[in-house]
Amino acid sequence: MTERVSGTPGRRALLGAAVLSTAALGLAGTAQAQAAERGRGGHGSLRDLPVPTVIGHRGASGYRPEHTLGSYQLALDLGAHIVEQDLVPTKDGHLVCRHENDITATTDVADHPEFAGRKATKKIDGVSYTGWFTEDFTLAELKTLRATERIPGNRPDNTLYDGRWTIPTFEEVLRWADREGRKRKKPVWLYVETKHPTYFRNLGLGLEEPLARLLRRYGRDRRNAPLILQSFEPSSVQRLARLVDTPRIVLLSGPTTRPWDFVESGDPRTVADLVTPAGLKWIASYAQGIGPTLDLVIPKDAAGRLTTPTTLVKDAHARGLLLHPYTLRNENSFLPADFRRGTDPNGYGDVFGAAAAYFATGIDGIFSDHPDTALLAAADFDGR
């Protein structure tokens, strides 16, 4: 067991503080309750979400194996304003919640001799991977697997929950959100990403149409639905805009990268082009916001320390776009160098200081693996 740096709060202390804080301050969604109607589907608005909005990244993935009902439930219980899902398809066309279609690191598939022959090497968005992939399994076969912690070296405590949950379908998550919404008397917001949409469309497993059907079935296809759609591929967001009125966000990676649909179509633009005023104006023609990497908001220097904020927040707001950057995590290895504490890369650093620096730029929300600490940081910022 790794000893924590003296003076740095431990995981249990942070969890306890968050539970007490959310109970006392009403951070679990007071603003949502005031802004949204009760009942199935809900009728909130993007503009009614608390600012800064705290999004449970893959649930509460800092504490539970990601993209499990356990991770989603904990994120909601800790007070996350929105809970995120990433979607990939099965061989028989069901949408399931995994960050990647490569399930080698997030399930016990390698322990199943009956699936040994499914191991394969594939090129996905230009990168080769060897492992097991959701598109080679039926839903019934996937349901025989159990979820595991993706980064056990960083989060050994999470391995306690290995094998506890199955891979959830997105429809199961929609039903869970409806149940929790009725129980809490306010809608449960979801944040849903289409993963590798061009890759899957080329396989005949397009994501957008089955996703739109589920959104219509569960009353989350309207402009004021408590759900946000997102993708790193602008064409996927545009396709969804033609199918449903649900709010939409374009995700943005590093400035020199190109969305894979741009690569496939021969569009020469990079993310650096998309974050210019002209690029943001183009995004605003079919989406309501952007989800940039935090480095697009405040770049780091060669030593990993934060530098001067860019004009992205101001430029995006000038075009009416919300900004929900990703991803805030508690561990030193994921924090800017100036907010790391001690020498243990997996120990907790000054996540509150880092969050304050990002919130000060005017961002509208943030994705966090540890929604409880992000909520405390948001409360600190809101109280200034």
Side-chain angles (χ1 to χ4, degrees), residues 2-15 17-18 21 27 51-58 60-63 78 80 150-151 153-158 251-257 271-272 275 290-317 323-384:
T2 305
E3 185 177 340
R4 296 201 178 276
V5 178
S6 177
T8 302
R11 181 169 301 188
R12 291 183 184 276
L14 288 169
L15 276 167
S21 177
L27 290 174
V51 178
T53 303
V54 172
I55 302 132
H57 186 235
R58 312 176 198 175
S61 56
Y63 306 118
L78 290 174
R150 180 178 61 89
I151 47 174
N154 297 99
R155 293 169 178 169
D157 292 354
N158 293 10
L251 293 166
L252 300 168
S253 190
T256 62
T257 64
V271 167
V275 297
I290 57 174
T293 175
L294 285 166
D295 288 348
L296 289 174
V297 177
I298 310 180
K300 298 188 189 81
D301 63 19
R305 294 175 175 272
L306 294 186
T307 61
T308 303
T310 67
T311 63
L312 180 58
V313 175
K314 175 177 69 69
D315 293 342
H317 284 167
L323 291 92
H324 291 160
Y326 65 93
T327 304
L328 186 68
R329 297 177 169 102
N330 287 0
E331 294 96 347
N332 279 318
S333 57
F334 301 115
L335 287 169
D338 33 341
F339 294 98
R340 296 171 191 162
R341 298 294 179 264
T343 58
D344 180 2
N346 301 318
Y348 284 179
D350 181 14
V351 66
F352 298 114
Y358 291 122
F359 289 152
T361 66
I363 59 174
D364 300 287
I366 200 162
F367 284 81
S368 176
D369 286 10
H370 305 84
D372 53 336
T373 52
L375 282 162
L376 287 169
D380 290 342
F381 181 76
D382 201 38
R384 289 183 179 180

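- Residue V271 is tested with T256, L251, L296 for a side chain to side chain contact (heavy atoms under 4.5 Å, CB included); the sole match is L296.
- Partners of P336 by side chain to side chain contact (heavy atoms under 4.5 Å, CB included), not counting sequence neighbours, listed by chain and number: K300, L306, D338, F339, A354, Y358.
- With sequence neighbours left out, the ring-ring contact (aromatic ring centres under 6.0 Å, His included) criterion links F359 to F381.
- T307 contributes atom OG1, which lies 6.5 Å from atom CG of D301 (distance to the nearest 0.5 angstrom).
- Between the side chains of T373 and N330, at least one donor N or O lies within less than 3.5 Å of an accepting N or O.
- Side-chain contact between H324 and T53 is present, with heavy atoms from C-beta onward closer than 4.5 Å.
- Between the CG atom in N158 and the OG atom in S61 there is a gap of 8.5 Å [rounded to 0.5 Å].
- Contact check for P292 versus V297: side-chain heavy atoms found under the 4.5 Å cut-off.
- Inter-residue side-chain proximity for D350 and L335 is flagged as unmet; no heavy-atom pair is nearer than 4.5 Å.
- Between H57 and Y326, a ring centre-to-centre spacing not shorter than 6.0 Å is recorded.
- Counting only heavy atoms from C-beta outward, the side chains of L328 and D369 never approach each other to under 4.5 Å.
- Side chains of Y63 and D372: a donor on one and an acceptor on the other come within 3.5 Å.
- Residues satisfying the side chain to side chain contact (heavy atoms under 4.5 Å, CB included) criterion with S333, sequence neighbours excluded, are N154, E331, P345, N346.
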